[in-house]
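Heads up, the thing below is written out as structure tokens.
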2 protein chains.
Amino acid sequence: MLELRLVQGSLLKKVMEAIKDLVTDANFDCSATGFSLQAMDSSHVALVSLLLRSEGFEHYRCDRNLSMGMNLNNISKMLKCAGNDDIITLKADDGSDTVTFMFESPTQDKIADFEMKLMDIESEHLGIPEAEYHAIVRMPSSEFARICKDLSSIGDTVVISVTKEGVKFSTRGDIGTANVVCRQNTTVDKPEEATIIEMNEPVSLTFALRYMNSFTKASPLSSTVTISLSSELPVVVEYKIAEMGYIRFYLAPKIEEDEEDNNS
Amino acid sequence: MLELRLVQGSLLKKVMEAIKDLVTDANFDCSATGFSLQAMDSSHVALVSLLLRSEGFEHYRCDRNLSMGMNLNNISKMLKCAGNDDIITLKADDGSDTVTFMFESPTQDKIADFEMKLMDIESEHLGIPEAEYHAIVRMPSSEFARICKDLSSIGDTVVISVTKEGVKFSTRGDIGTANVVCRQNTTVDKPEEATIIEMNEPVSLTFALRYMNSFTKASPLSSTVTISLSSELPVVVEYKIAEMGYIRFYLAPKIEEDEEDNNS
DNA sequence: ACGTAACTGA
DNA sequence: TCAGTTACGT
């Protein structure tokens, strides 16, 4: 028997909106620890990892580990039927091949439940090793989203270069080149507006902007984003989910044939 | 060496949005006087003339006259990457075939630069003689825009007729006819809401609404628009740019085979 | 600001 | 004839 009650239902809505562009079908894994998902995007280039810890739920009951295959678009359709202030409860009986989403309006005047068939989805669950990163950048998620969107009107790939002074996002395309430099800046009044750079070693890596722009769909989940970079490792773009966990996107860097793209 | 620093960057964004529907490529001319452009629209019917005087820039350095050919769509793409509060600096080295747009966020924490290749564009720079106009109408730019948009859902052309009492915009189409009369009105509290008519001689001219609607894209630049009319002369639709200059659109009147369009 | 619809160029 | 681009409406 599975029963997860999430008071802040809008959070689940945002999570699905953030993932559904990237992943069409995925297994949601429930254990005593929490509710999690790991899935490759449809072209097997990027990886999404979601964790909602059990402590973040108002009520969390998961008698035994359960993996539920669902179509993200269908979930998203159902969640569109939930109000932003609704309390969402997810239920599944042991051995059942369905899952039920229940939406309670804050006033309890309206209760909706949606039952959905589960799917069999094969997936390799990859162990993602904790790694040491050459550089970790934390910045406002809206700013990162804006930069990725802007640069994608110029080029297809972004070179992210980190030095002690700041982080530089560069692209080039038919119409010219673009560089956006964000200086390290810890002095702002509000910590969520700071740009903080932890750097052990300068690093410069190239990524497809298409994926970066997909990742930034998670911006509503957190006011800040953390970008962890190491040469030869996939970048990690992480959005913390308050009190509950995170959503992390992994993307392998492009190998540059044309190293001049890395010049300033 | 060219270096123009414009604190109110949104102004340049608006200027480009106003022109780019009409003109695809154009030469931007820089001299000690200021930054200007003159270009025909792609179908060679309308003419755009832009002037941003050097005094309007926070910093203006232009060692020698320079004509920079650019694709307006590409400029527009780059300017979309500038925030509305950004300070925009335009730079070009002598003899260089590129131009650089630099955007500084108000806090100086984010600095973006965009380099763009210049193009060779042939253009005849027309001398536009100062003319005496039969009638000059000044009215709120939003009202003029609204009238042009409304009339274009009825017909393709507008007859603008000026008498002492007011200005009349007329059209006719398959579904019927439409007339909008704006009375002279100087008594409003706010001068930018006034409709002022200076008339030496009544005048009635016909224009293609398609172009008028393009011209009204400049409405965000100024709360008022000035329409100068003379028979046998192109109309001038002018939007003043505060403290800096103007953007003027010229359009030749249609020669009416069918004079009944001019009747009230 | 986004999505659609119409137009133009290939 | 189709696709890309551009303009308009929501």
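Here is the naming used below: chain letters follow the sequence lines, and residue numbers restart at 1 for every chain.
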Review point. Nearest of D:dA7, D:dT6, D:dC8 to any side-chain atom of B:D21?
Key: D:dA7
Point to revise | Whole-Å distance separating the OH atom of B:Y211 from the P atom of D:dA7 | key: 12 Å
Review point. Knowing that exactly one of B:Q8, B:R5, B:M244 qualifies, which makes a side chain to side chain contact (heavy atoms under 4.5 Å, CB included) with B:F57?
Key: B:M244
Review point. Can you tell me how far P of D:dG4 sits from CG of B:N73, to the nearest Å?
Key: 17 Å
Review point. When the distance from CG of B:D25 to P of D:dT5 is rounded to whole Å, what number comes out?
Key: 15 Å
Study note, to complete from the structure: So the side-chain hydrogen bond (donor to acceptor under 3.5 Å, both in side chains) pairs with at least one residue in residues 74-88 of chain B (sequence neighbours excluded) are B:E17-B:S76
Practice item. May I have the distance from B:M212 (atom CE) to D:dA7 (atom C1'), rounded to whole angstrom? Key: 19 Å
Review point. So, is A:K149 near the phosphate of C:dC2, with a side-chain N or O under 4.0 Å from OP1 or OP2?
Key: no
Check your understanding: In whole angstrom, what separates B:N213's CG from D:dC8's P?
Key -> 6 Å
Point to revise | Interatomic distance, B:R146 CZ vs D:dC8 C1' [rounded to whole Å] | key: 15 Å
Exercise for review: For the pair B:F114 and B:F103, name the ring-plane relationship: parallel under 30°, tilted 30 to 60°, perpendicular over 60°.
Suggested key: tilted
Exercise for review: Give B:K217 one of three labels, base, sugar-phosphate or nothing, depending on what nucleic acid heavy atoms sit under 4.0 Å from its own.
Suggested key: sugar-phosphate
Check your understanding: Any side-chain heavy-atom pair from B:S43 and B:Y211 closer than 4.5 angstrom?
Key -> yes
Check your understanding: In whole Å, what is the span from the CG atom of B:D41 to the P atom of C:dT8?
Key -> 13 Å
Review point. Atom CG of B:N84 to atom P of C:dA1: distance rounded to whole Å?
Key: 8 Å
